[in-house]
Amino acid sequence: MSEAVLGVERSVTLRSWIAREVEPDLTAAIARRNGVSEIVARILAGRGVRPDDVDFFLAPRLSAHLPEPYILKDMEKAALRIAEAVMNGEKVAVFGDYDVDGATSSSVLVQFLKSVSCGGVTVRIPERDEGYGPTAEAIGAFADEGASLIITVDCGTTAFDALEGVAKTTDIVVVDHHEPEIRLPEVFAIVNPKRLDEPVDNPCRHMAAVGVVFLLIVAVNRILRQKGLYSDERPEPDLRRWLDLVALGTVCDVVRLRGVNRLFVKSGLRYMARRQNKGLAVLSELSGIKEAPTAYHLGYVLGPRLNACGRIGRAGLGMKLLCAGDEAEAREIAAQLDELNVLRRQMCEDVLKQAIFQIESRDEDPPIIFAYGKDWHPGIIGIIAGRLKDRYRRPSLVMSVDGDEVRGSGRSVSGLNMGAAVMAALEKGILTRGGGHAMAAGFSLKAENLQAFRSFLEEYMKTHGGLEEKDDSYLIDGIVDIGAVSSELVETLSCMEPFGEGNPEPRFAVANVAASYVQVRKGGHVSCTLVGRDGRSRLRAIAFRAADTEIGQVLLKNRGELFHVAGLIHADTFRGAGQAQFIIEDIAPA
């Protein structure tokens, strides 16, 4: 166990501050061979980046680092069939999922097909109450409408009943990234980097579905170019124009921001800053995003608004916004999304309170958080699972009970592959439906199996790398002097972006400070000025949604006593014209 940073073994949030383990020799090698600062070298080493991979991590380039699409099984077969459909003017149908990854995957594919003058494209995004994945009715309707090629995106890998009947007469291509079962549906092609016959070190393995779709259109575009489709009258589309959507879907699906995913998000954010997608431009304006977008804006500002329509009704609105052809249409859709998001927030607050009361009234400390309620809206249980996971730092599953039927959503932490656990329960017959990936999953079961499912998951965690003990540590990348927190440091750290799953934002500790000018702001945020021991060094700081927490109380009641703070270093875009600001996430007595 690493020694506690600044001796903090128990903070006000009951966590120990632990230094992230770093190999000193690796830090030195990164700094020496790549010409980066010592602090950046240390952060890179702490994330396991090797000296030879620093360039790929800090400055990934499409021309140098995009994988060859055909490394994925069935990719060439799928791309040739789609190119054939384009050349022959066939009618193509696209079936997507109702979350942001599904909406962006559908949008990228549909816009590409339209840009190459496909014979006709129809698309369907199901409502959440229809359940995850394609249904036999929806796929059959596509065939009845004359589609000779059906493509499912962000779903389909386990949709045996829905696909196999129609696949006997209509070609079906599945483009997905969810955990598979041992067998695959008998369809024309299945492109999924998690197929059990794919190498485990496949560079595409942790992609969101939208990343797989982007590789697919790269492959199709190459074939169309080789077949001579493009000319002065029919120019080749610039595929980079859809990288903003690839970045959005990748971040919102909480996949690892390493390797190719990092390439997609870093490149996509640059294209998003140009605001060429009318829907995203309007939604950004409505959301108050004035600066260049970051991964935070994608995951916590734009994503929730796009997700709202799929959660509480009108799932297709998100995709329509992303494909909007003019600003007036985009504004009308964006306004509807904003209204749905407000309603979604209100519903979430009510159900979250019920879930917390249910969990804490049990007077137990389980290895997994399990909460369910009658008629909790199925569209928000995933959000509640995420909130509970953050609150208790445990894998969390939340379910809505409707009579004998139960629909649920799970969010995980490092140490439990939620998608694999759900698939194992499905194979055991405990669940009736299920699917997902490492950090998130959806499922259905009979109410009579609720306790059996909970017991199964607890046993599964013990035998598959689950967490035996609650992780109460707070990982810190370094201690910085209050006077060293500056706009220059913010700029230095920016090269590490985008931050997210697999590349956590660096966290720092500042020792021996007091708080002055403490204020509670709208939303329950607590702002203050941190003052160093010398009384001269000062630093703006804020603790978000902290007024009613232990952290907020320490700040509000401070009378000059010294304490240590831990958190993030950001630019203060709200008040400081780019000055540094400390985001307080934890506090400990000095």
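Note that the structure is predicted; figures quoted are calculated from it, not measured.
- In the model, His177 has a side-chain atom that pairs as donor or acceptor with a side-chain atom of Asp253 under 3.5 Å.
- At least one cation-pi condition fails for Lys428 and Phe456: the charged atom is not both under 6.0 angstrom from the six-membered ring centre and inside a 45 degree cone around its axis.
- Cation-pi geometry between Arg241 and Tyr271 is not satisfied (NZ or CZ under 6.0 Å from the ring centre, within 45° of the ring normal).
- Side-chain contact, Glu505 with Tyr296: no donor N or O sits under 3.5 Å from an acceptor N or O.
- Taking the side chain as every heavy atom from C-beta outward, Leu215 and Leu66 approach each other to under 4.5 Å.
- A salt bridge links Glu585 with Arg507: the closest approach of a Lys/Arg side-chain nitrogen to an acidic carboxylate oxygen falls below 4.0 angstrom.
- Identified under the salt bridge (charged side-chain N to carboxylate O under 4.0 Å, His left out) test for residues 339-349, with sequence neighbours left out: Glu349-Arg387.
- Side-chain atoms of Thr157 and Asn192 include a donor-acceptor pair closer than 3.5 Å.
- A side-chain N or O of Ser409 and one of Arg411 form a donor-acceptor pair less than 3.5 Å apart.
- Electrostatic pairing of Glu497 and Lys266 does not count as a salt bridge here, judged by no charged N lying under 4.0 Å from a carboxylate O.
- For the pair Phe264 and Pro498, the minimum side-chain heavy-atom distance is 4.5 Å or more.
- The side-chain hydrogen bond (donor to acceptor under 3.5 Å, both in side chains) test applied to Asp55 returns Arg61, not counting sequence neighbours.
- Cation-pi contact between Arg50 and Phe56: absent, since separation from the ring centre below 6.0 Å together with deviation from the ring axis within 45° is not met.
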